[in-house]
Amino acid sequence: MKITLKDGSFKEYENAMSVLEIAKDISEGLARAACAGEIDGNVVDLRTVVDKDCNLNILTFDDEAGKKAFRHTAAHILAQAVKRLYPDAKCTIGPAIDDGFYYDFDMPSLGREELDKIEAEMKKIVKENIPITSYTLPRTEALKLMEEKNEPYKVELINDLPEDAELSFYEQGDFTDLCAGPHLMSTKPVKFFKLTSSSGAYWRGNSDNKMLTRIYGTAFTKKDDLNERLEFLENIKKRDHNRLGRELELFTTVDIIGQGLPLMMPKGAKIIQTLQRWIEDLEDNEWGYVRTKTPLMAKSDLYKMSDHWYHYKDGMFVMNDNGSDFDSAGEEQNAVAGDTEAKSGKEVMALRPMTCPFQYFVYKAKQHSYRDLPYRMGETSTLFRNEDSGEMHGLTRVRQFTISEGHLICTPEQMVEEFKNCMALAKHCLTTLGVEEDVTYHLSKWDPENPDKYLGEPEVWEETQQHMRNIMNELDIPFTEDVGEAAFYGPKIDINAKNVYGKEDTMITIQWDALLAERFDMYYVDKDGEKKRPYIIHRTSMGCYERTLAWLIEKYAGAFPTWLAPEQVRILPISEKFHGYGEEILAKLKKNGILATMDDRSEKIGYKIREARLQKLPYMLVVGANEEESKTVSVRKRGEDGDLGSMELDTFINKICEEIRTRSLTQIEN
RNA sequence: GCCGAUAUGGCUCAAUUGGCAGAGCAGCUGAUUUGUAAUCAGCAGGUUGAGGGUUCGAGUCCCCCUAUCGGCUCCA
C-alpha cells in the first residue's frame, strides 16, 4: 500500500495496517487528528478500510477538508455534551462552517450560563479521549436505530435521502449521529474551542418550520490560534461601521423615529454628499447620462402596471385612507388585487421601492428615434422598502435609502455593449474607492422550478443568461451563478462585498430586462420607420449611499481617503497668540475648497493632536511662532510617524488639492 | 415576522439579597498660553428607553410596548 503525503512524498507499507496505525506513523497531532483522506479524488475517512495499492492523501488542519473534519468533530462533541446535559434535546444537523461550526437542536433556548456549562461538558468529553468509529447501515436498520434513539429529525433526514444511499453513522461513546463524515479518530485533539453564541434558526431554513436552538462555536488545534481568533473577533468590532460610525459622529438612530431610519449627522452627510456629487458628475459628464428627478410616490396603478404590486407588495409602504396614513403593506396583503381603491374615494398610493417605472415615463413623454438610443437616465433616487422588523441593521439594511439608480433604454443590438459599459462604470467606481479587490461577482439567475415567480418565457431567460455569461467571460471576471436570485423581470449581475464579520451584501446590481418595455408600451422608431421594442438595463454605479458609507467605514476603519474625509485639515495653533495666523490659513484653505477647521481652544498642543488623531483626520497643521515668522505650516498626516515637518503653505495647498482632485488613496509625502 | 440578549447623564460604564442613582470622558466657568497622543480647579448634567403592575419601598421582580445587538428567514 502506498500513501501519498501532502508534500508529494509517499510512504509504502508492506502489509495492510489499520488506518489508525498508518495515521500515527505518518504524523503526530494534526495529521492524525484530521484523518480525512482521498482515494481517487473521493474524500473518505481514514477509518474506512484502505485497500492495498490505494493512494491516500493525508489531510492536515492546513487543508480546508482537514479543518472541516476537525470542526465537524467539534460539532459532534457539542451534540454529545448537549445530549448528556439535556437528554430531551433532539439533534438535527451540525456542520462545520468558516472558522467554526454550529449544531441545531430542538430544545429550549440557551443563555450564556448554559453555554458555559455545555462548554465544560465538552472539555470533559475531549479529556475522555473517546474513540470515534463509523459504520454504515441499510435504510431500514438506520431508521430503526434513530427511532429507538428518539431522534425524529434524523428519521426525517433518512427518509429524504435517496433509496439506495449508503447511510453512514459515526459513534463516539454514548453518542451516535447520522453523518457523512469524515471525522477525527477520537475526541482528544479538539482541545481548543469556544462556544461563541446561541440563536434561533428554522428547521431546514424554512420560516414555516419550527424554530430550533442553534449553538455556534469555533475550534482550533492550537491555543494560540484560538486566542488569535477570539482577539480578531474583538478587534473587528472596533471596525464595525455600526459602532465606529456612531463613535465618529457620522450617523445616529432615534427610537421615536423608527427602525431602519438612521439620521446622517453633519460628517456622515458630508461624505455622502461628496460621493453623490462625484457619481452624478461622472455619469453625466463622462458616461453620457441625462438626469431625472421623479416623484417618491405614485398611485397603486403604476405598480400594478409594472407588476411590482403583485410580486413585491410586501416590501412596499402603502398609503390609504383607513386612518393610519402609512400602513404597512403586510396588513394590506389580504386585499384582493384590483380592490384596493380606498373607501372614501381617496387614491391608494405607495412610496416607491424602485425608480424603474418613473423613469420609463420620462422616456415615454416624448417620441424617440433609434438615433436617441442608448438613452441613459440617471437619478439620485430615494427609495423606501418595508423590511421586516428583524431585518434592519446599522446602515446596511434600512427602510429608506438613496441610490444612484439608472435605466438605459437600448435597441436589442446595443445591449451587450451597453451592459459592458455598465460593468466598466461599476468597476471604475470600485477602483476609485479602493475596494475593487474586495468584491465578488454573481450571475443571479431565475429558478426554472418556480416559473410563477417570474415574467416571460423560459427560452428568453436562458438566452439572456447566456448573453450575460458570455459578457462576464469576455471581460475575464470570475463569477458564481446563483439560482433563484434574479429579479422577476430579468437576470442580473450582482457585485457583493463582505462586511467585517464576513457577511455579504449586494453593493452594485446590473440587470438585463427584455420584458418590461412591453408592459409599459415603450418603443422607438427604427430606421425603417417601424415602432420597435427597446430593451432596458437597470443598474447602479455604486451601492446605495448608506450601504457604501458603511462599507467604507469598515474598509478604512474610519480613516477615509482625504477626498472623502468630512474634515480634511485641522489647524492647531500652539497658543492663542497664533489664532490670527491660523485664521489667515483657514481662509486660504477654504478658498481652495478644502474642508478645514481650526481648534482654537486654550489646550496644549498634545491634547489637540490626540483628539484629531482619534478622529482620524487626514491632516493637522501645527502653527506657532516659527511658522508664523516663516509663513509656513507644520504638517502632520495620519498614523505613526505622521510628522512631515514644515512646509510653505502654498506647497501644502497645492499638494492636498492634487490629492483631492485625483481622489488619491494615499496621502502626500514630504 | 421568528429565537435570544440588551437598554442607567452627550459617550463608556458602576450601583451587594429590592433600601439615599455614582464615576471617568465630553460639556460649561475660571486659571493656564502651552511645540506633536490627555494642564489644573470648580460647576452643571437623571422621571434609570415608554407605559402598566407587585411592594412600606423598584434601576433591580412581573406584564406590555419601542429601540439596539447576535442569529434565522427575507432581501426586486
Side-chain angles (χ1 to χ4, degrees), chain A residues 102 104 107-112 114-115 196-216 237 240 242-243 246-247 249 252-262 303 306-308 311-316 328 330 353-356 383 385-394 396-397 444 453-455 485-490 492 494 501 503-506 509 511 513 516 538 572-579 601-614 620-627 634-636 640-646:
Chain A
Y102 70 79
D104 286 348
M107 69 187 295
S109 51
L110 304 163
R112 186 66 242 179
E114 283 98 344
L115 287 187
T196 46
S197 65
S198 78
S199 66
Y202 296 106
W203 168 235
R204 301 202 145 177
N206 185 334
S207 57
D208 295 332
N209 289 344
K210 186 161 186 186
M211 175 69 72
L212 306 170
T213 297
R214 174 171 296 180
I215 301 175
Y216 283 95
K237 274 189 201 158
D240 183 344
N242 211 358
R243 172 180 169 149
R246 291 168 199 267
E247 243 169 56
E249 296 176 9
T252 188
T253 50
V254 179
D255 287 14
I256 203 167
I257 289 176
Q259 271 189 311
L261 297 168
Y303 307 108
S306 67
D307 243 41
H308 280 96
H311 284 91
Y312 195 65
K313 191 160 172 233
D314 283 1
M316 288 165 60
S328 79
M354 85 303 293
T355 320
C356 324
L383 304 180
R385 298 186 182 183
N386 193 3
E387 305 286 357
D388 287 342
S389 65
E391 306 302 339
M392 266 70 76
H393 174 79
T396 54
R397 199 74 186 276
S444 297
K453 281 174 71 182
Y454 307 90
L455 300 179
E485 296 292 318
F488 68 82
Y489 46 74
K492 52 186 180 139
D494 285 324
Y501 299 106
K503 191 167 178 171
E504 268 196 18
D505 271 312
T506 299
T509 179
Q511 309 172 355
D513 172 10
L516 287 184
H538 308 232
L572 310 179
I574 295 286
S575 78
E576 276 171 30
K577 284 180 231 155
F578 312 108
H579 283 187
R601 295 173 302 175
S602 62
E603 297 288 350
K604 291 171 87 166
I605 191 68
Y607 180 86
K608 293 181 185 179
I609 287 170
R610 175 184 150 80
E611 197 160 278
R613 286 192 66 169
L614 288 175
M620 296 166 236
L621 299 181
V622 178
V623 293
N626 303 336
E627 288 77 13
S634 277
V635 182
R636 190 186 233 293
E640 301 301 319
D641 312 320
D643 195 347
L644 296 179
S646 68

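Since this is a predicted model, take the numbers as computed values, not measurements. Reminder, nothing fancy here: chain letters follow the sequence lines and each chain counts from 1.
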Checklist entry - Residues two or more places apart in sequence or in another chain: which of them pass salt bridge (Lys or Arg N to Asp or Glu O under 4.0 Å) with A:Arg243? => result A:Glu247

Next on the checklist: A:Thr253: which residues meet the side chain to side chain donor-acceptor pair (under 3.5 Å) condition with it, sequence neighbours left out?
Outcome noted: A:Arg246

Next on the checklist: So, using side chain to side chain donor-acceptor pair (under 3.5 Å) as the criterion, who are the partners of A:Glu485 when residues are at least two apart?
Outcome noted: none

Item to check | Residues forming a side chain to side chain donor-acceptor pair (under 3.5 Å) with A:Ser306, sequence neighbours excluded | outcome: A:His308

Checklist entry - Does a side-chain N or O from A:Gln259 land closer than 4.0 Å to OP1 or OP2 of B:U68, or not? => result yes

Detail all sub-3.5 Å separations between protein N/O atoms and N/O atoms belonging to nucleotides 32-34 of chain B.
from	atom 1	to	atom 2	distance (Å)
B:U32	O4	A:Ser602	OG	2.8
B:U33	O2	A:Glu576	N	2.9
B:U33	N3	A:Glu576	OE2	3.2
B:U33	O4	A:Glu576	OE1	3.4
B:U33	O4	A:Glu576	OE2	2.5
B:U34	OP2	A:Lys577	NZ	3.2
B:U34	O4	A:Ser602	O	2.7

Checklist entry - Within less than 4.0 Å of OP1 or OP2 of B:G70, is there a side-chain N or O belonging to A:Tyr102? => result no

Next on the checklist: Using a 6.0 Å cut-off, check whether atom CG of A:Asn206 has over 12 heavy atoms from anything other than its own residue.
Outcome noted: yes

Checklist entry - With a non-hydrogen cut-off below 4.0 angstrom, is A:Ala612 in contact with a base, only sugar-phosphate, or nothing? => result nothing

Checklist outcome for this item: For RNA chain B, consecutive-pair runs of 3 or more (Watson-Crick or G-U wobble, both H-bond-type distances under 3.5 Å) give B:1-7 with B:66-72, B:10-13 with B:22-25, B:27-31 with B:39-43, B:51-53 with B:61-63

Next on the checklist: If the condition is side chain to side chain donor-acceptor pair (under 3.5 Å), which residues does A:Asp494 pass it with, not counting sequence neighbours?
Outcome noted: A:Ser444, A:Lys492, A:Thr509

Checklist outcome for this item: Those residues at least two apart in sequence (or on a different chain) that pass salt bridge (Lys or Arg N to Asp or Glu O under 4.0 Å) with A:Arg385 are none

Checklist entry - With sequence neighbours left out, what residues match A:Asp643 under salt bridge (Lys or Arg N to Asp or Glu O under 4.0 Å)? => result none

Nucleotide N/O to protein N/O under 3.5 Å, stretch nucleotides 48-52 of chain B:
none

Item to check | All ring pair (Phe, Tyr, Trp, His ring centres under 6.0 Å) counterparts of A:Tyr489, not counting sequence neighbours | outcome: A:His538

Next on the checklist: Less than 4.0 angstrom between a side-chain N/O of A:His393 and OP1 or OP2 of B:C75, yes or no?
Outcome noted: no

So which protein nitrogen or oxygen atoms get under 3.5 Å of nucleotides 71-74 of chain B's nitrogens or oxygens?
from	atom 1	to	atom 2	distance (Å)
B:G71	O3'	A:Tyr216	OH	3.3
B:G71	O2'	A:Ser199	OG	2.6
B:G71	O2'	A:Tyr216	OH	3.4
B:C72	O4'	A:Gly200	O	3.2
B:C72	O2'	A:Tyr202	N	2.9
B:U73	O2'	A:Ser207	OG	3.3
B:U73	O2	A:Glu391	OE2	3.1
B:U73	N3	A:Glu391	OE1	3.1
B:U73	N3	A:Glu391	OE2	2.6
B:U73	O4	A:Glu391	OE1	2.7
B:C74	O2	A:Glu391	OE1	3.4
B:C74	O2	A:Arg397	NH2	2.8
B:C74	N3	A:Glu391	OE1	3.4
B:C74	N3	A:Arg397	NH1	3.3

